[in-house]
Amino acid sequence: MGGTYIASNAPVPEGTIVVERGVSAQEFAPKLNRSAADVIRFLMSNGEMVTATMTLSDEQMELFALEIGAELLLVEAGQQEELELQAMFDDSDDDIEELQEVRAPIVTIMGHVDHGKTTLLDKIRNANVVAGEAGGITQHIGAYQVEIPTGKITFLDTPGHAAFTKMRARGAQVTDIVVLMVAADDGVMPQTIEAINHAKAADVPIIVAINKIDKENADVQRTLSQLSEQELVAESWGGDTIMVEMSAQQNLGVDDLLEQLLVVAELEELTANPTGRAKGAVLEANLDTGRGPVATILIDKGTLKVGDPIVAGGAWGRVRAMIDSTGKQVKEAGPSTPVQVLGLSSVPNAGDEFRVAPDEKTARTVGEAREQRQRLTAQRGDARVQRGVKLEDIFSQIQAGEVATLNLVLKADVQGSLEAVTESLRRLERDTVKLAFVHRAVGGVTENDIQLAAATNATIIGFNVRPDRKARDMADAEHVEIRTYEIIYKLLEDIERAMVGLLAPEFEEVVTGEAEVREVFKVPKIGSIAGCQVRSGVITRGSKVRFIREGVIIWKGAINSLRRFKDDVREVREGFECGIGLTDFQDLKGGDLIETFEEREIARV
C-alpha cells in the first residue's frame, strides 16, 4: 500500500517518552498524543498490516516516533515504574541542609577469623551469641543498634571466613566507620589485609582494635609494625590511625573503643534527612516458619513505617511488622536503624536496595518485573547444566580423561550462607571438573529438589538445612545423593577431595528416629516438655538430636529425658506417644521435628 502519511496536528509531548515493549497500538498511541487509528494508518501506508490490539515491534514504534518527531525510549516491562521510582528519589529534597539531622554512625567490624569480632559484639550487646556457632563462624551478617550514655551506634557484624568476602565488601559499602580487629598474638593475617582493602575501597575511616592483649604471647609492637606496612600508622608512631588496645574477653578497652567511635562519627558530621520515603539496603533475608519472608534491612534515609509499600530487588509488599535489634516491635524506624521487616512477597537477596514505593501497585509491578528478569537471567545461566556426574563417581570420569561436570542442587538456611557457599564452590572449579548449579534456594531439602536432582543427575548439598522424611525416602528410591553440612570448611573439603579422588568418608550419619511435636507442656523447675508422636524409627534417651523447623536445623544437642505417661523409659518406638525433654532448649512449637541420629563407621572401599 503506497501513499504518504500525514500526522495529526496535536503537539508531540516534550522530552523523552518512555514506552514499555510489547504494547499494542491502542496502548502506544495515547503516549504520543495520537490515536490508535493514526498509528495503524501510518504503518499500513508503509506496508505493515496491523490492528489496534496487535503487539507492535520495536521497529514499528520507533518508525512512527521518528515520523512525528518524538523522542522515544523503549523499556522492558516494569522498567518504567523502576525509572519513576528512581526519579522519585532523585528529585526529592533529601539534600536540603535544613532537613538534615545527626544520625548514628554505622560501624562494620572486620578482621581475620577468630580475632574476636563476635566476642566484642557479644560484650557490647551483653548477649551470648558465640556459644553454639558451628566451627566458630558467624554464619551470616547481623546488625545491632546499641545506646551508650554519649549516643547510639549501629554495628554490622560481617563474618570473618574467606567465603564471605563478597558480603564483607557489601558491609563496607554501607558503613561509615570500620573497626579492624587484629589479635595481638596473631598479628596481621591474609583476611586482615583483605578487610583493610575493603575499608580503603569504601573510603571510610578505620579504627584499629588490637585485641587479646591479655594473652601471654601478645606482641603489640609487632602488630603495630605490621599495620604500618599496610599504611595504617598509629598516632603514637606519628600517624593518624586511632589504635585501641583491648581484650574483648576480659572486657578491657571496650568502653574506650565506643567513645573513640563517637568522636570519629562527630568529625565525620554524619547526617540524613529523616523525613520522606525511606530507602536503604537489605543485609540479610530468610524464609521463617509462620512469619514468611523476613528481611533484615538498614535504613539509609527517610523513615520506614508499618504499612509502607516497599520493593527490595524482586520482592515487594507492604510492611506488616517491624522488629528492632532488641526484638521489640516498632511502628517506625529512621536513618541508621536496622530492623527486621515482615510482609514481603518473597526472600530478597542480601545487598538488594529497598525503597518505599508511591503505592503498592508500583511496588508490585517493579518487583514482579525484576523477578521475571532475574528468572530469565538464571535460565540463561543454567544453559551450562548438562547431564553431570554424581560426586561419588567424579574421580573415575576424571581418570578416564574426560571433563566432568558436577551438577549441584544447593540449599541453605539463609541468603547470605547460600551466596557464600556458592562463591566458595565456584573457586574449586578446575580444567577437569566444572560445576553447574541446577538450583539454588533458601530452605529445607524438599521432594521437588529430589525430583530435580534425579532428572539432572545432581548431588544435593544442604548447608544448615535437612531433608524431611518424605524427601529422604524419595532420595533413596531415586538414588539421589544428599550431603548435609553445618561447617563450611567441611563442605568445601569434601567437594575438593572428590575432585582429586580422595573422597572416602570414614563415617556416615544414620537417622535412628523421628518424632513430631504435637503439644508443649510447661513443667515447674524443669521447663518445656515436648509431647510427641514417634513417626519413624526409635527415639532413645541420650541420643544425639537435631531440632528441625521447616527443614532448617535450629538446634543440636541431646535428649535429656524420655517418658511414657509418668514413667521414665529408655526408648519409644514408631507409632507411640512420648514426652521429650531436651538439654538447654526451650523454644518448642507444635509441628517441629525432633530427629535422632548416630554416626556409624563405614569401611573404606
Run the salt-bridge test on [X] and [Y] with the 4.0 Å N-O cut-off and return the result as yes or no.
X: E429; Y: R427; answer: no
X: R318; Y: D308; answer: no
X: E598; Y: K544; answer: no
X: E577; Y: R564; answer: no

Knowing that exactly one of [options] qualifies, which makes a side chain to side chain contact (heavy atoms under 4.5 Å, CB included) with [X]?
X: D413; options: V465, L287, I554; value: V465
X: F354; options: V311, D300, L304; value: L304
X: V341; options: I310, I323, V294, V282; value: I310

Nearest heavy atoms of [X] and [Y], plus distance in Å:
X: V511; Y: R472; answer: CG1-NH2, 3.8 Å
X: E332; Y: T303; answer: CB-CG2, 3.8 Å
X: L344; Y: P293; answer: O-CG, 3.5 Å
X: S346; Y: G314; answer: OG-O, 4.1 Å
X: C578; Y: L562; answer: SG-CD1, 4.0 Å

Discussion item. For F155 and V146: C-alpha separation, side-chain torsions, deciding distance, then whether side-chain contact (heavy atoms from CB on, under 4.5 Å) applies.
Written reply: CA-CA 8 Å; F155 285 96; V146 297; 3.5 Å; yes
Worksheet item: Near E574 CD, under 6.0 Å, is it more than 12 heavy atoms from other residues, nucleotides or ligands?
Response: yes
Kindly compute the distance separating [atom1] ([X]) from [atom2] ([Y]), expressed to the nearest 0.5 Å.
X: I461; Y: L408; atom1: CD1; atom2: CG; result: 5.5 Å
X: R549; Y: K589; atom1: CZ; atom2: NZ; result: 4.5 Å
X: S543; Y: I559; atom1: OG; atom2: CD1; result: 5.5 Å
X: I460; Y: N407; atom1: CD1; atom2: CG; result: 12.0 Å
X: Q340; Y: I297; atom1: CD; atom2: CD1; result: 10.5 Å
X: H479; Y: N457; atom1: NE2; atom2: CG; result: 11.5 Å

Discussion item. Can you list everything that forms a side-chain contact (heavy atoms from CB on, under 4.5 Å) with K152? Sequence neighbours excluded, please.
Written reply: A104, Q145, E147
Practice prompt. For A248, check side-chain contact (heavy atoms from CB on, under 4.5 Å) against everything at least two apart and list the hits.
Written response: T119, L120, N211, M246
Worksheet entry | Pairwise side chain to side chain donor-acceptor pair (under 3.5 Å) hits with a residue in residues 526-538, at least two apart | E514-R535, E516-R535, K522-S528, S528-Q586
Fill in: Derivation of the side-chain hydrogen bond (donor to acceptor under 3.5 Å, both in side chains) call for R541 and S561
CA-CA 6 Å; R541 188 174 66 239; S561 64; over 6 Å; no
Discussion item. I'd like to know whether H439 forms a side-chain contact (heavy atoms from CB on, under 4.5 Å) with D449, so could you lay out the CA-CA distance, the side-chain angles of the two residues, the decisive distance to 0.1 Å, and finally the verdict.
Written reply: CA-CA 8 Å; H439 178 56; D449 297 325; 3.5 Å; yes
Worksheet item: Residues in salt bridge (charged side-chain N to carboxylate O under 4.0 Å, His left out) with R440, at least two apart?
Response: none
Discussion item. Going by the rule salt bridge (charged side-chain N to carboxylate O under 4.0 Å, His left out), which residues pair with D468 if we only count those two or more places apart in sequence or in a different chain?
Written reply: none
Item to complete: Go through the steps for Y485 and D494 under the test side-chain hydrogen bond (donor to acceptor under 3.5 Å, both in side chains), then give the verdict.
Response: CA-CA 10 Å; Y485 301 89; D494 266 12; 2.8 Å; yes
Practice prompt. Applying side-chain hydrogen bond (donor to acceptor under 3.5 Å, both in side chains), name anything that partners D567, two or more places apart in sequence or on another chain.
Written response: none
Worksheet item: Would you say T512's side chain and T596's backbone share a donor-acceptor pair under 3.5 angstrom?
Response: yes
Practice prompt. Run the numbers on F463 and L491 for side-chain contact (heavy atoms from CB on, under 4.5 Å), then give the verdict.
Written response: CA-CA 8 Å; F463 185 67; L491 187 161; 4.1 Å; yes
Worksheet item: Can R546 be said to sit on top of F597's aromatic six-ring, NZ or CZ under 6.0 Å from centre and within 45° of the ring axis?
Response: yes
